[in-house]
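A short worksheet on the structure shown next.
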Amino acid sequence: MLDMKLLRDHPDFVRERLATRHGDEGAKLTEVLTLDERRRAVLAETEQLKARRNSASKEIGALMGQKKLEEAEARKAEVRTLGDRITEVDRLAAEAEEARDALLLTLPNLPHASVALGKDAADNPEIRVHGTRPHFTFNPLNHIELCEKLKLVDFARGTKLSGSGFLLYTGWGARLERALIQFLLDLHTEEHGYTEVAPPYIVGEHCMIGVGQFPKFRDQAYAVQEGLDGSTLGKLYLIPTAEAPVANIHREEILAEKQLPVRYVAYSPCFRAEAGAAGLGTRGMIRIHQFDKVELIKIVHPDRSYDELESMVVHAETVLQRLGLQYRVINLCTGDMGFAAAKTYDIEVWAPGQGTYLEVSSCSNCEDYQSRRMNMRYKRESDGHNLLPHILNGSGTALARLFVALVETHQQEDGSIRIPEALQPYLRTDRISA
RNA sequence: GGAGGGAUGGCUGAGUGGUUUAAGGCACACGCCUGGAAAGCGUGAGUAGCUAAACACUACCGGGGGUUCGAAUCCCCCUCCCUCCUCCA
């Protein structure tokens, strides 16, 4: 959520920044400002009325104490009409505030000044490229062929169980997935200083609103119903990312300044409806309804958040380096950025069987956009003021596509997969073969 | 799912209709005292809205609604926590 004060004081600046994003929301800004003005006007009136009522009520109390009952009754009648006005004016204020806030929740974050202006993915500047692409002396297979030959994933039965977009990992495939998860968690806890948490995979609506997932992307979520009780539907949702529960851990709390930075790492499955998305319906593991991910979350001091973003990207890159994968880091331009982000780096891993890069990580600084929605604050030591921390999230990394890049990159001429050294202790083999 | 008990400031804990602008205590800040500290004494201090700022004012006792001139206090609904029963991995 954007700062209402900023909208009031610098509407043109906000309008201009919003216009750089995909799907300009600037028109809503005017409406928010109108509603805000109405609210403030009505609020001023109701506060005056309440002040009058409060002092009158005190006088009535005093009159009753002096046993001047008749006078008291007369004043009561007077104040009663005041009360009716207050009820009415209060209602107007509440309505204006509700409408304003509902609209405010639909405005995306403002891009940071350092973010390149652009329209879509084609305008994303490339920051750096790492590693060399594998060179094959034979005809390399794609991950679908490899998974079927080595029986790593049973695509047909995954679809039989849950429909297209769901995977059944089998044998060494299931073990590889599990090994990757543990490798990632150990890396980030032991080498990068994150605290591991294991969150719920179902969260309340307030958590989805907190991270900016709702109200805009309601159609992308799986809603849960408890048993036959239809009234529970729409209260709880399967998480689209561990960001939803983990970023909300300290919602409605006031953290001590010296607690910052807070760094969490969490494994979770991620559930995405992908309504209207291209590429579902074809086989494979690139875009699916359920995938595993290890997520990084940081809650940091506002002065430090852009340094923390840089180190977070490095943490995610380390994953790909250890696994011997070629990748590049790009910076999302204003038109391609996600809803809550002020600045985002994407990491894309090279998948030889696809002949393209696949996005396996997205690291964003959301600044105070989420903490304001969550009412998460920290107490500044110097003066005791409660301020909004900055919240960052990053994949470290998403698994299914990492799996694809891994098997496609490390495939051998005999059809086996060479396991990178970093992973061998977890999988307890250096090779997967038929 | 059933029965009962709870939710008050950073923490603890009083408060069943009117100087409660929420007592007292702990912790906190400043001052006095001291060679210095502790103890003691004194003073201050919640969050937010409004304001250029300050004063004033308004709101906030889990959330929402109601009764009343006036609600932390009375009534209704909801959420969460605790105890017991039931069920269960």
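Chain letters run A, B, ... following the sequence lines, proteins first and then strands; every chain starts at 1.
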CD/Glu98(A): more than 12 non-hydrogen atoms of other groups inside 6.0 Å: no
Once rounded to the nearest 0.5 Å, what's the spacing between atom CE of Met1(A) and atom CG of Leu105(A)? 6.0 Å
Check whether any side-chain N or O of Asn54(A) sits under 4.0 Å from OP1 or OP2 of rC57(B), and answer yes or no. no
Separation of atom CZ in Arg53(A) from atom C1' in rA71(B), rounded to whole Å: 11 Å
Kindly point out which of rA48(B), rC69(B), rC57(B) is positioned nearest to the side chain of Lys76(A)? rC69(B)
In whole Å, I'd like the distance from the CD atom of Glu252(A) to the C1' atom of rC60(B). 14 Å
For atom CD of Glu257(A) and atom C1' of rG10(B), their distance in whole Å: 16 Å
Which nucleotide in the list rG49(B), rC57(B), rG70(B) gets nearest to the side chain of Ala51(A)? rC57(B)
Which nucleotide in rG18(B), rG49(B), rU51(B) has an atom nearest any side-chain atom of Lys5(A): rG49(B)
Side chain of Glu47(A) - closest among rG49(B), rG70(B), rC50(B): rG49(B)
Expressed in angstrom and rounded to an integer, what is the separation of Leu387(A) atom CG from rA48(B) atom P? 9 Å
Tell me whether the centres of the aromatic rings in His301(A) and Tyr378(A) are closer together than 6.0 Å. yes
I want to verify a distance call: between rA59(B), rG49(B), rU51(B), whose nearest atom is closest to the Lys50(A) side chain? rA59(B)
Separation of rC80(B) P from Leu236(A) CG (nearest whole Å): 10 Å
Map Arg377(A) and Arg75(A) onto RNA chain B by nearest heavy atom, then report which one ends up closer to the 5' terminus. Arg377(A)
Glu73(A)/Lys76(A) salt bridge by N-O under 4.0 Å criterion: yes
Looking at Arg40(A), does any N or O in its side chain come under 4.0 Å of the phosphate oxygens OP1/OP2 on rC50(B)? yes
5'-most contact on RNA chain B: Asn386(A) or Arg8(A), nearest heavy atom basis? Asn386(A)
